[in-house]
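Comments concern the structure below.
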Amino acid sequence: TPSRVIVAMSDPPQKKAKPSLSLGGNVVPMVSPLMPDGTLDVHSTHKVIDHLVNGGVAAVFVLGTTGEQSSLSKETRHDLVKTTVSHVAGRAKVYAGIAGNVFSEQVIEAKAYAELGVDALVSHPPSYYVLDDAAMSAYFEKLAAAVNPTPLILYNIPQTTKNVISLDVLRKLSPISNIIGVKDSQGDKERLEKTLEIFKGNADFVVLVGAANLSTFGLRLGATGFVPGGGNYAPQVLSDIYTAAMAGKWEEAEKAQARQDSLSAFIWGGNSLPHALGVLKHLMSKEDLCQPHLAVPLLPPPAAALTAAEGGLAAWKKEA
């Protein structure tokens, strides 16, 4: 493992050695299988993990937006990370989200997850106050120093946080020893293209595409991988995109991308994010992967949305 350098907030970013962690591929933001009372459904967690690993995922990312991280108790979050690391058992990488609005609690959880054996931490900005670039940079510098030497992936998702990690901030933070990349879920094609141009050829800072519909587009421009919520249901379809792209078989990659887009259309299309998460868990429950329960304050989607999704899924399966 390369030596790591803790960067004080007053210091300029320091150049780092190439990270030892192999990033990339199909990184699925795993749903959090829950019991009716909001505690972890361990049995279903095992089933979902096996489903993802058998589908060729490179990494399992727990406690992201799809995993309802902000709505889970700290006990459930800890149980999920512990169970995931144990059951994955080295078959894939494990990333864990540590986002929150109380810095000290974030650091405590980050250190606990590192001790449990996660390969990397993922954090978006705090989601209450709107931060300018100076505050954003200072926040992530302090977080990186506190969790060092555990690798840290920045997570840009202004749809939920109301805060954008600007490209200037990414440039400033990228040399810090344990900040190793960004997951960009903004869904802005032009921004993604600019991000990939900035970090093109930079093995020290990876770009993961967070908008599944831009997966192949990002890979063509040098993205290291992607983080598709639909991979919870059909991980192999998403893995096929990456495998074909890495082999330079772009026609095959685009065909797999079309399959992914068709899947996303009846999960996310026309649904709010909370309803989409409910639809996803509902469809997974039909495959006996997990129960459909959502964490409070989310409610089950309307019956019409579930019926429409089931119809869409039936048609999608016939297309295969």
Side-chain angles (χ1 to χ4, degrees), residues 26-73 75-88 92-99 113 118 122 124 155 157 159-160 183 185 208 210-212 226-239 260 263-264 266-268 271-301 305-306 309-310 313:
N26 179 15
V27 179
V28 172
M30 192 177 86
V31 300
S32 295
L34 301 175
M35 301 296 289
D37 63 358
T39 57
L40 185 68
D41 180 348
V42 175
H43 179 62
S44 292
T45 300
H46 289 170
K47 288 194 289 185
V48 173
I49 289 170
D50 289 339
H51 173 64
L52 299 182
V53 171
N54 292 338
V57 304
V60 176
F61 168 31
V62 295
L63 299 178
T65 305
T66 306
E68 304 172 77
Q69 183 265 352
S70 63
S71 300
L72 303 180
S73 70
E75 292 81 11
T76 298
R77 293 195 297 265
H78 185 275
D79 290 346
L80 177 58
V81 174
K82 182 178 181 180
T83 299
T84 300
V85 171
S86 175
H87 195 69
V88 169
K93 302 294 185 185
V94 177
Y95 306 158
I98 56 165
Y113 299 164
V118 300
V122 184
H124 60 59
Y155 183 2
I157 182 165
Q159 301 93 313
T160 60
K183 173 186 182 284
S185 297
L208 300 173
F226 43 83
V227 190
N232 280 279
Y233 185 87
Q236 189 63 60
V237 171
L238 281 301
S239 295
Q260 190 288 139
L263 175 68
S264 291
F266 58 80
I267 296 177
W268 278 273
N271 288 317
S272 65
L273 177 57
H275 284 173
L277 296 179
V279 166
L280 177 59
K281 279 191 166 180
H282 173 77
L283 295 179
M284 293 177 70
S285 73
K286 295 296 183 180
E287 303 293 337
D288 194 31
L289 289 169
C290 68
Q291 300 182 65
H293 308 302
L294 298 165
V296 175
L298 302 187
L299 293 173
L306 299 180
E310 290 177 6
L313 180 60

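Heavy atoms only: backbone and side chains are in, while hydrogens, waters and symmetry mates are out. The structure presented is a predicted model; accordingly, all values stated were derived computationally and were not measured.
- Across all non-hydrogen atoms, the minimal contact from Phe266 to Asn271 is O-ND2, 4.2 Å.
- Between Phe61 and Tyr155, the ring-plane angle classifies as perpendicular under the 30° and 60° cut-offs.
- In this structure the side chain of Met35 never reaches within 4.5 angstrom of the side chain of His293, judged on heavy atoms.
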Side chain to side chain donor-acceptor pair (under 3.5 Å) between Ser73 and Thr76, worked out: CA-CA 5 Å; Ser73 70; Thr76 298; 3.0 Å; yes

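- Residue Lys47 places its NZ atom among more than 12 non-hydrogen atoms of other residues, nucleotides or ligands, all under 6.0 Å distant.
- The shortest side-chain heavy-atom distance between Asn232 and Met284 falls under the 4.5 Å cut-off.
- For Asp79 (side chain) and Thr39 (main-chain N/O), no donor-acceptor pair under 3.5 Å exists by modelled atom type.
- With hydrogens and angles ignored, the 3.5 Å screen pairs no side-chain donor or acceptor of Lys286 with any backbone N or O of Lys281.
- Between Ile49 and Thr84 the shortest side-chain heavy-atom distance falls below 4.5 Å.
- The two residues Ala295 and Leu72 come nearest to each other via the heavy atoms CB-CD2, 3.9 Å.
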Please determine whether side chain to side chain donor-acceptor pair (under 3.5 Å) holds for the pair His51 and Glu287, giving the CA-CA distance in whole Å, both sets of side-chain angles, and the decisive distance to 0.1 Å. CA-CA 11 Å; His51 173 64; Glu287 303 293 337; over 6 Å; no

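- Thr45 has its side chain within reach of Leu80: a pair of non-hydrogen atoms, C-beta onward, lies under 4.5 Å apart.
- Looking at Val53 and Asp50, their side chains never come closer than 4.5 Å, going by heavy atoms from C-beta outward.
- Side-chain atoms of Val62 and Ser32, non-hydrogen and from C-beta on, never get closer than 4.5 Å to each other.
- With sequence neighbours left out, the ring pair (Phe, Tyr, Trp, His ring centres under 6.0 Å) criterion links His43 to no other residue.
- With no hydrogens or angles considered, no side-chain donor-acceptor pair links Gln69 and Thr65 at under 3.5 Å.
- Using a cut-off of 4.0 Å between Lys/Arg side-chain N and Asp/Glu carboxylate O, Glu68 and Arg77 are scored as not salt-bridged.
- No side-chain heavy atom of Tyr95 sits under 4.5 Å from any side-chain heavy atom of Val118.
- Using a 4.5 Å cut-off on side-chain heavy atoms (C-beta onward), Val31 and Leu277 make no contact.
- Ser239 contributes a side-chain N or O that, together with a main-chain N or O of Gly55, makes up a donor-acceptor pair within less than 3.5 Å.
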